[in-house]
Amino acid sequence: MSLNLYDTFSNSKKKFEPIDPKNIRMYVCGPTVYDYPHVGNARPVIVFDILFRILQNLYGREHVTYVRNITDVDDKIINASQENNEDINELTSRTINYFHADAKYIGAIEPSFEPRATDHIAEMINIIETLIEKNYAYIAENNVLFSSNKFSKYGSLSGKNLEEMIAGSRVDVESYKREASDFILWKPSKDNEPGWDSPWGKGRPGWHIECSAMSEKLLGKTFDIHGGGQDLIFPHHENEIAQSECANGEKFANYWVHNGFVTVEGSKMAKSDGNFVTVNELKEKYQGEVIRLTMILTHYRQPLNWTNDNLQESKKTLDKWYQYFSEVDFKPDLSVMIDENVMNALNDDMNTPQAIAELHKLFKNCKSNDQDSLNRFLISSQFLGLMNDDPSQWLSWGKDDTSVDQSKIESLIAQRNTARANKDFAEADRIRDELENLGIALEDKGAETTWKTK
RNA sequence: GGCCACGUGGCGGAAUGGUUACGCAGAGGACUGCAAAUCCUUGUAUACCGGUUCGAUUCCGGUCGUGGCCUCCA
């Protein structure tokens with residue numbers, strides 16, 4: 001059983017062959033920290049969490065290194081700090097906390113390393129100096145720029161060529177660039193902007209150089225997998241390849257894995273239009289596993305339309321599963337292996353929708369109280385980051401927040417059951433309708449009546 | 001203008017050169033005072049036009065449509 005991954009560089013599904021099976025290395029572009037993470041930020045967190053789990057399962061937990069960086073120096077951060085009138089360090093540490101809380105909420109296990117750009121300025125300066133020495137970079141008006149036409153493979157990840165890019169450019173080219181496709185390695189900082197001393201004066205790094213520096217430091221010059229959102233293919237990852245391969249003279253990453261975009265209720269997610277959903281606001285209405293299941297119900301390379309209907313469907317599925325486990329007395333046997341069909345689906349380029357279909361089939365078999373299916377269903381679900389809660393806690397989630405007084409609900413239920421006992425069904429139904437209008441649904445189970453929020 | 005991806009039933013969403021995806025919703029049945037929940041059964045699909053093929057939803061070409069990238073973006 002081997003892992004196949006779709007590689008953006010070759011535009012094809014490829015068998016994953018590690019550089020060193022004892023030391024699998026994956027680098028994923030993490031968040032730029034200036035605001036609450038939205039569902040678009042959450043998607044790669046979950047996608048690469050799944051890949052991390054698969055790699056750990058195949059090669060052993062201690063043989064996989066997963067690096068997810070934090071970009072904490074960037075123009076968007078500077079702008080946000082000025083808008084909020086907030087110190088940059090306060091802004092970034094505040095939003096890093098949001099990010100960590102949300103990643104945990106949606107069940108992502110922590111990466112091996114989470115390096116911050118501002119802790120690696122010296123490493124970045126080193127690479128830039130090497131690029132200047134090797135004549136891949138030049139200085140113009142206090143900026144250091146990478147000379148894109150010096151790297152013959154430039155554009156090969158994104159399938160672009162330089163002439164096309166110049167012909168199609170929609171933006172005015174800065175006059176100091178020799179070529180439109182040249183990009184900034186280092187730029188000067190104004191007095192009110194964060195800056196570090198460098199051979200080129202006080203300034204700050206360009207966007208792309210941080211990933212080259214941090215991946216090399218933590219994973220070496222060549223590593224196995226580089227991941228991120230599809231939007232990063234160009235220019236970000238293209239530029240990382242150019243910088244790193246020109247500085248090192250070695251291949252950068254062997255596999256490029258990119259997740260698709262998220263739309264919200266059918267239209268493009270755009271902060272400027274207010275058309276976006278943060279994980280933080282979803283927390284009020286949904287458990288983390290509902291968000292996670294909704295996310296992995298679509299294959300990671302497909303566009304994902306984020307809708308309330310899909311969230312409700314995921315919630316319904318998990319409610320059903322937890323309901324069942326709240327009713328059976330079952331302790332999973334932790335030595336049971338992940339179901340083969342689930343694992344095969346995941347090994348086929350992370351086909352999570354197929355894996356979930358297999359979970360549904362296993363669940364169906366659980367109904368006959370088949371111990372083996374029960375075990376495999378739970379172990380496999382948990383591998384995907386689902387079914388980790390205590391069933392009774394899951395089912396009572398959110399009940400505390402009900403606007404209706406719980407004792408009032410219990411009292412109405414008691415009144416209704418008295419009416420039922422007296423065969424006063426009109427009154428019983430009236431009470432049920434009353435609760436219904438309060439958002440409370442009743443379930444009669446034998447002699448007992450339970451309720452839940454709708 | 002250039003490059004790229006996608007277009008599957010009422011909805012979500014996999015897969016595949018010829019055979020059931022799966023889930024939700026719908027329909028019928030069981031259960032119930034009636035419901036709900038649960039269980040059983042069940043209908044519906046591959047944008048359009050050509051081509052290759054014994055046979056295409058699957059491969060190729062074209063058309064239309066949607067989205068993304070080319071500028072910061074997960």
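FYI, side chains are in, hydrogens and waters are out, and symmetry mates aren't considered; it's all heavy atoms of this structure. Every chain is numbered from 1 and lettered A, B, ... according to where its sequence line falls, protein lines coming before strand lines.
A distance of about 16 Å separates the C1' atoms of U44(B) and G28(B), rounded to the whole Å. Atom C1' of C48(B) sits at a distance of 14 Å from the matching atom of U57(B), rounded to the whole Å. Between the P atoms of U38(B) and G23(B), the separation comes to 13 Å (whole Å). Distance noted for atom C1' between U42(B) and A47(B): 28 Å (whole Å). Distance noted for atom C1' between A15(B) and G33(B): 47 Å (whole Å). Across the C1' atoms, G9(B) and A14(B) are found 14 Å apart, a figure rounded to whole Å. G10(B) sits 7 Å from A25(B) when the C1' atoms are compared, rounded to a whole Å. Nucleotides U58(B) and U19(B) are separated by 14 Å at their C1' atoms, to the nearest Å.
Remark: K190(A) NZ is loosely packed, at most 12 non-hydrogen atoms of other residues, nucleotides or ligands lying under 6.0 Å away. Other residues, nucleotides and ligands contribute at most 12 non-hydrogen atoms within 6.0 Å of the CD atom of E110(A).
For the pair A357(A) and Q354(A), both in contact range of RNA chain B, the more 5′-proximal nearest nucleotide belongs to Q354(A). If you find the closest nucleotide of RNA chain B to G30(A) and to Y6(A), the one lying nearer the 5' end belongs to Y6(A).
Checking C59(B) for Watson-Crick or G-U wobble geometry (two distances, each under 3.5 Å) identifies G51(B) as its partner. Under the Watson-Crick or G-U wobble criterion, with both distances below 3.5 Å, U66(B) is paired with A5(B). Using Watson-Crick or G-U wobble geometry with both donor-acceptor distances under 3.5 Å, U38(B) finds its partner in A30(B).
Checked by atom type, the side-chain pair Y286(A)/E281(A) shows no donor-acceptor distance below 3.5 Å. Inspection of the R420(A) and N417(A) side chains reveals an N or O donor paired with an N or O acceptor under 3.5 Å.
F234(A) has its CZ atom 13 Å from the P atom of C69(B), to the nearest Å. One can place CG of D429(A) at 12 Å from P of G33(B), the figure rounded to the nearest angstrom. The nearest whole Å value for the distance from the CZ atom in F325(A) to the P atom in A37(B) is 21 Å. C4(B) atom P lies 18 Å from atom CZ of F261(A), rounded to whole Å. Note: CG (N79(A)) to C1' (C72(B)) measures 10 Å, nearest angstrom. Residue Y27(A) contributes atom OH, which lies 13 Å from atom P of A74(B) at whole-angstrom precision. Rounded to an integer number of Å, the gap from W321(A) CH2 to C24(B) P is 10 Å. Note: CD1 (I296(A)) to C1' (G23(B)) measures 13 Å, nearest angstrom.
Aromatic rings of F252(A) and F223(A) (six-membered ring for Trp) have centroids within the 6.0 Å cut-off, being under it.
Comparing A15(B), G33(B), A25(B) by their nearest atom to the side chain of N351(A) picks out A15(B). For D231(A), the side-chain atoms get nearest to C69(B) when compared with the rest of A25(B), C69(B), G33(B). Here C40(B) is the nucleotide among C40(B), A21(B), A74(B) with the atom lying nearest to any side-chain atom of K364(A).
Using a 4.0 Å heavy-atom distance criterion, V262(A) is classed as a base contact. Counting any heavy atom pair closer than 4.0 Å across all strands shown, R416(A) reaches a base atom. When heavy atoms are screened at a 4.0 angstrom cut-off, D444(A) is found touching base atoms of the nucleic acid. H299(A) comes within 4.0 angstrom of sugar-phosphate atoms only, judged by non-hydrogen atoms across all strands, and of no base. In this structure, Q302(A) reaches the sugar-phosphate backbone alone: every heavy-atom distance under 4.0 Å involves primed, P, OP1 or OP2 atoms, never a base. No contact: N11(A) has no heavy atom under 4.0 Å from any strand. Note on K320(A): only backbone sugar-phosphate atoms sit closer than 4.0 angstrom, heavy atoms only; bases stay farther off. At a threshold of 4.0 angstrom between heavy atoms, the contacts of R420(A) include nucleobase atoms, whether or not backbone atoms are also involved. Residue-level contact check: T450(A) touches neither bases nor backbone, having no heavy atom under 4.0 Å from any strand.
When T8(A), D231(A), D7(A) are each tested for a side chain to side chain donor-acceptor pair (under 3.5 Å) with H258(A), only one passes: T8(A). When Y324(A), Y322(A), F325(A), W321(A) are each tested for a ring pair (Phe, Tyr, Trp, His ring centres under 6.0 Å) with W394(A), only one passes: Y322(A).
For G23(B), neither phosphate oxygen OP1 nor OP2 lies less than 4.0 angstrom from any side-chain nitrogen or oxygen of T317(A). The side chain of T298(A) contributes no N or O atom lying less than 4.0 Å from OP1 or OP2 of G12(B).
Residue side chain D309(A) does not reach the base of G12(B) through any donor-acceptor N/O pair under 3.5 Å, judged by distance alone. A donor-acceptor contact under 3.5 Å links the side chain of R432(A) to the base of A35(B). A donor-acceptor contact under 3.5 Å is not formed by the side chain of E313(A) with the base of G12(B).
Judged by the 6.0 Å and 45° rule, R301(A) forms a cation-pi pair with Y6(A).
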